[in-house]
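Numbers here are sequence positions counted from 1. The shown structure was predicted, so the numbers you read here are calculated from the model rather than taken from an experiment.
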Amino acid sequence: MDTSDEWITQRTGIKERRIWENAPDDAASELGFLAAKNAIEKVQILASSIDTVICATFTPDNFFPSTAALIAGKLGIKGGFAFDLSAACAGFTFGLSIADSLIRSGQSKRVLLVGSEVVSRSLDWNDRGTCILFGDGAGAVILEASDDDKGILSCVNYTDPNGAQSLYLRSWGEKRFLVMEGQKIYKYACKLMPEMVEQALAKINMGVADIDLLIPHQANARIIESVGERLGLGAEKVVVNVQKYGNTSSATIPLALEEAWDGKRIKDGDIVAMTSLGGGITAGAIIMRF
């Protein structure tokens with residue numbers, strides 16, 4: 001197609017991404033399983049101790065059974081419950097909010113939240129406006145109750161159905177490709193992502209000055225830069241790895257979180273904000289203390 005590495009990099013900041021060529025039918029659950037397995041090994045727990053599995057994805061293996069159920073099966077989890085969550089690129093922040101509510105209500109004790117996407121299966125490879133942006137990937141976190149003041153402090157979720165036709169993927173019909181009006185989504189993201197952070201902070205009487213690190217959805221470098229600037233955060237406080245993975249939708253935030261954690265950018269007691277925007281139009285933010 002009419003493009004080049006220079007053209008892509010200049011407009012998106014993306015230099016690399018991962019594509020699962022000839023992906024099998026269970027690709028989303030397989031990626032999710034591998035991410036979950038890594039998370040379980042990292043915190044040294046038994047998979048059988050997980051009672052809830054949530055998978056945020058817009059590229060599920062099936063309409064049903066859920067990709068979350070397939071992940072649970074691959075992990076050997078029995079006796080809990082599992083379900084998928086569809087909020088496109090805002091799936092992971094929505095998932096954190098739901099996991100937090102399930103734990104606080106006592107319905108769940110230990111939640112595995114996975115963001116898993118095989119976006120390459122949904123792309124029109126003749127559409128330069130979309131196919132250069134997205135990659136395949138998965139990330140996972142495990143949440144449980146705590147007696148201290150750490151963890152999720154505030155959640156904000158939002159949907160603007162007026163923007164539904166600006167970013168969508170049909171379930172039926174011949175043209176089942178991801179469709180996006182790039183300029184409209186850019187404006188939505190630059191406006192809503194910082195607004196979500198501010199609203200989440202206001203709920204707990206905090207301000208932007210309290211943020212030690214921002215982990216935004218990795219849509220493209222220009223959006224991330226704009227969100228940081230609108231919040232008044234310097235580049236040292238904003239996590240960016242879109243140049244390596246492209247937009248992996250619900251997997252971007254957990255991928256960036258792991259890099260920040262392993263890179264020791266998150267210290268004990270730090271306040272970390274996460275914000276996202278996806279088709280729907282969906283948007284959300286999470287404030288956490290580590």
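With sequence neighbours excluded, no residue forms a ring pair (Phe, Tyr, Trp, His ring centres under 6.0 Å) with F64. For K109, the salt bridge (charged side-chain N to carboxylate O under 4.0 Å, His left out) criterion is met by no residue, not counting sequence neighbours. For R289, the side-chain contact (heavy atoms from CB on, under 4.5 Å) partners two or more places apart in sequence, or in a different chain, are D149, K150, L153, M206, I271. Among residues two or more places apart in sequence or in another chain, the side-chain contact (heavy atoms from CB on, under 4.5 Å) test is passed with S154 by A200, K203, I204, I287. Checked against side-chain contact (heavy atoms from CB on, under 4.5 Å), Q107 has the following partners two or more places apart in sequence or in another chain: L102, S105.
The residue from L143, I253, I54 that alone fulfils the side chain to side chain contact (heavy atoms under 4.5 Å, CB included) condition with L96 is L143.
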Passes side-chain hydrogen bond (donor to acceptor under 3.5 Å, both in side chains), S97 versus D100? Steps please.
CA-CA 5 Å; S97 178; D100 180 58; over 6 Å; no
Please lay out, stage by stage, how L167 and E181 fare under the test side-chain contact (heavy atoms from CB on, under 4.5 Å).
CA-CA 6 Å; L167 177 56; E181 296 182 56; over 6 Å; no
Working note: V208 + L233, criterion side-chain contact (heavy atoms from CB on, under 4.5 Å); need CA distance, chi angles, decisive distance, verdict.
CA-CA 8 Å; V208 174; L233 295 172; 3.7 Å; yes
I'd like to know whether M1 forms a side-chain contact (heavy atoms from CB on, under 4.5 Å) with C131, so could you lay out the CA-CA distance, the side-chain angles of the two residues, the decisive distance to 0.1 Å, and finally the verdict.
CA-CA 10 Å; M1 71 181 60; C131 73; 3.2 Å; yes
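Grouping Ile, Leu, Val, Met, Phe, Trp and Tyr by side-chain contacts under 4.5 Å, direct or through others, puts I50 with F33, L34, I40, V43, I45, V53, I71, L75, I77, L112, V114, I142. Through side-chain heavy atoms spaced under 4.5 Å, either directly or across other Ile, Leu, Val, Met, Phe, Trp or Tyr residues, W20 is tied to L31, V118.
Residues Y245 and I14 form no side-chain contact, since every pair of their non-hydrogen atoms from C-beta on lies 4.5 Å or further apart. Side-chain contact between L133 and M180 is present, with at least one heavy-atom pair separated by less than 4.5 Å.
Sorted by first and then second residue, the pairs that involve residues 150-176 and meet ring pair (Phe, Tyr, Trp, His ring centres under 6.0 Å), not counting sequence neighbours, are F63-W172. Pairs passing the ring pair (Phe, Tyr, Trp, His ring centres under 6.0 Å) check and including a residue from residues 75-130, sequence neighbours excluded, do not occur. Counting only residues at least two apart or in different chains, salt bridge (Lys or Arg N to Asp or Glu O under 4.0 Å) contacts with residues 238-257 comprise K244-E259. Within the structure, ring pair (Phe, Tyr, Trp, His ring centres under 6.0 Å) contacts touching residues 174-210 (residues at least two apart or in different chains) do not occur. The salt bridge (Lys or Arg N to Asp or Glu O under 4.0 Å) analysis of residues 59-87, with sequence neighbours excluded, yields the pairs D26-K74, E30-K74, D61-R121.
A distance-only check finds no donor-acceptor pair linking the side chain of R265 to the backbone of L213 [under 3.5 Å].
Environment of NZ in K42: crowded, with over 12 heavy atoms of neighbouring residues, nucleotides or ligands closer than 6.0 Å. Counting non-hydrogen atoms of neighbouring residues, nucleotides and ligands closer than 6.0 angstrom, the NZ atom of K237 exceeds 12 such neighbours. For CG of D25, the number of neighbouring non-hydrogen atoms (other residues, nucleotides, ligands) closer than 6.0 Å is 12 at most. Other residues, nucleotides and ligands place more than 12 heavy atoms under 6.0 Å from the CD atom of E236. Enclosure of atom CG in N22 is not indicated, since only 12 or fewer non-hydrogen atoms of other residues, nucleotides or ligands lie within 6.0 angstrom.
Side-chain atoms of E117 and T57 include a donor-acceptor pair closer than 3.5 Å.
No continuous path of ILVMFWY side-chain contacts below 4.5 Å connects I152 to V156, so the two sit in separate hydrophobic clusters. Note: the hydrophobic cluster containing M274 also contains V141 (ILVMFWY, side chain heavy atoms under 4.5 Å, direct or indirect links).
Under 4.0 Å is where a charged nitrogen must lie from a carboxylate oxygen, and between R17 and D136 no such pair does.
Shown here for A140 and A39, the closest heavy-atom pair between the two residues is O-CB, 4.0 Å.
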